[in-house]
Peer 1: 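Sharing a structure here in structure tokens format.
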Amino acid sequence: MATRRRTLLKVIVLGDSGVGKTSLMNQYVHNKFSLQYKATIGADFVTKELQIGDKLVTLQVVVVVVIWDTAGQERFQSLGAAFYRGADCCALVYDLNVSKSFDSLDNWHEEFLKQANPSDPKTFPFIVLGNKVDIDGGRSRVVSEKKAADWCASNGNIPYFETSAKEDYNVDEAFLTIAKTALANEHDQDIYFQGIPEAVIENEPRGGGCAC
Ligand SMILES: Nc1nc2c(ncn2[C@@H]2O[C@H](COP(=O)(O)OP(=O)(O)OP(=O)(O)O)[C@@H](O)[C@H]2O)c(=O)[nH]1
């Protein structure tokens, strides 16, 4: 049987726990949002098909959870490497009401490059999302747009979006930029879930995910 060739784009979503990674993914793919917090265990992923120009694209969005211990060492190091392999883009998410989540961007950026080991770390595409812009109508934000934009500029002119998964603000725009950025860095693939360890495909606790 012939395999239909499609472009599979793999996007890794990273950021501190609770910043809204899963909510952004669910809002984008399922148009759903819940205020209930359910911690991601290991990793979670969904796919969405979209047309970009003349290309049919399957965007695979993978939320990876990495736990840092007190010494700043990553505990799920080997898991991280397996998930990051073959990534076409990495989205770094922080909560613009939580200063620490912004400070962690350096760690996530560095950790991703170390684990994914892209052929050219200087040109590998990232995107930064400052989420939860809806809270208190923006009055409780502690990270200014300028501070975030400066970080993005000094790390290779990374595109920056302020988003609300709750109010579906800028979510489609951010993911479209992610897809286009990833497309510029694509690896054509015939196999849908290439790069995802088999255990993930077998254990799908919520909409495709991994109870690792
Ligand atoms: N007000 C508001 N709440 C949000 C937004 N995005 C997420 N939340 C809430 O923040 C909490 C954490 O959201 P998650 O999407 O689970 O965060 P996460 O980054 O995936 O968390 P981990 O799975 O622990 O890594 C949940 O209670 C969400 O309802 C947002 O844009 N605005």
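Just so you know, these numbers come straight off a predicted model, no measurement behind them.
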Peer 1: Kindly work out whether a path of hydrophobic side-chain contacts (I/L/V/M/F/W/Y, heavy atoms less than 4.5 Å apart) joins Leu92 to Val98.
Peer 2: no
Peer 1: Would you compute the distance between atom CG of Asp88 and atom OG1 of Thr181 and round it to the nearest 0.5 angstrom?
Peer 2: 11.0 Å
Peer 1: What pair of heavy atoms forms the shortest contact from Asn97 to Ser140, and how long is it?
Peer 2: OD1-OG, 2.9 Å
Peer 1: With rounding to the nearest 0.5 angstrom, report the SG to OH distance, Cys90 to Tyr84.
Peer 2: 7.5 Å
Peer 1: Measure across Asp16 and Ser104 and return the closest heavy-atom pair with its distance rounded to 0.1 Å.
Peer 2: OD2-OG, 2.9 Å
Peer 1: Can you name the nearest heavy-atom pair linking Gln51 to Gly53, along with the distance?
Peer 2: NE2-O, 3.2 Å
Peer 1: Begin from the C-alpha positions of Phe45 and Val29 and carry the test side chain to side chain contact (heavy atoms under 4.5 Å, CB included) through to its verdict.
Peer 2: CA-CA 10 Å; Phe45 72 93; Val29 175; over 6 Å; no
Peer 1: If you look at every heavy atom in Leu56 and Glu49, which pair is closest and at what distance?
Peer 2: CD1-OE1, 3.8 Å
Peer 1: Which pairs, with at least one residue in residues 146-159 and sequence neighbours excluded, count as a side-chain hydrogen bond (donor to acceptor under 3.5 Å, both in side chains)?
Peer 2: Asp106-Trp151, Lys146-Asp150
Peer 1: How about NZ on Lys48, more than 12 heavy atoms from neighbouring residues, nucleotides or ligands closer than 6.0 Å, or not?
Peer 2: yes
Peer 1: Using every non-hydrogen atom in the two residues, find where Val11 and Ala182 come nearest and quote the distance to one decimal.
Peer 2: CG2-CB, 4.5 Å
Peer 1: Side-chain donor-acceptor pair under 3.5 Å between Asp95 and Ser101, yes or no?
Peer 2: no
Peer 1: For the residue pair Thr123 and Asp120, confirm or rule out a side-chain donor-acceptor distance under 3.5 Å.
Peer 2: yes
Peer 1: Given the rule in the side chain to side chain contact (heavy atoms under 4.5 Å, CB included) test, do Tyr28 and Leu59 qualify, once you have shown the distances and angles that lead to the verdict?
Peer 2: CA-CA 11 Å; Tyr28 177 60; Leu59 188 67; 3.9 Å; yes
Peer 1: Please assess Val128 against Leu105 for the test side chain to side chain contact (heavy atoms under 4.5 Å, CB included), listing each intermediate value before the final yes or no.
Peer 2: CA-CA 9 Å; Val128 171; Leu105 290 184; 4.1 Å; yes
Peer 1: For the pair Val62 and Val13, evaluate side chain to side chain contact (heavy atoms under 4.5 Å, CB included) and give the outcome as yes or no after the intermediate values.
Peer 2: CA-CA 6 Å; Val62 185; Val13 185; over 6 Å; no
Peer 1: With a 3.5 Å cut-off and sequence neighbours excluded, list the donor-acceptor pairs that the side chains of residues 160-176 form with protein atoms.
Peer 2:
residue, atom, partner, partner atom, Å
Tyr160, OH, Tyr94, OH, 2.7
Tyr160, OH, Glu162, OE2, 2.6
Glu162, OE1, Arg141, NH1, 2.9
Glu162, OE1, Arg141, NH2, 3.4
Glu162, OE2, Arg141, NH2, 2.7
Thr163, OG1, Asn131, OD1, 3.0
Ser164, OG, Asp134, OD1, 2.9
Ser164, OG, Lys166, N, 3.3
Ser164, OG, Glu167, N, 2.8
Asn170, ND2, Glu162, O, 2.9

Peer 1: Return the set of residues passing salt bridge (Lys or Arg N to Asp or Glu O under 4.0 Å) with Lys21 (not counting sequence neighbours), or none when no residue passes.
Peer 2: none
Peer 1: Answer yes if the side chains of Ser17 and Tyr37 hold a donor-acceptor pair under 3.5 Å, and no otherwise.
Peer 2: yes
Peer 1: Are Ile135 and Leu24 linked, directly or through intermediate hydrophobic residues, by side-chain heavy-atom contacts shorter than 4.5 Å (ILVMFWY only)?
Peer 2: no
Peer 1: Could you measure the distance from the CD1 atom of Ile178 to the CD1 atom of Ile12? Nearest 0.5 Å is fine.
Peer 2: 11.5 Å
Peer 1: Shortest non-hydrogen contact from Gln27 to Phe33?
Peer 2: NE2-CB, 3.9 Å
Peer 1: Check step by step if side chain to side chain donor-acceptor pair (under 3.5 Å) holds for Thr22 and Asp44.
Peer 2: CA-CA 8 Å; Thr22 305; Asp44 206 353; 4.9 Å; no
Peer 1: About how many Å separate OG1 of Thr58 and CG of Leu9, when rounded to the nearest 0.5 Å?
Peer 2: 8.0 Å
Peer 1: Pairing donors with acceptors under 3.5 angstrom, does anything connect the side chains of Thr47 and Gln60?
Peer 2: no
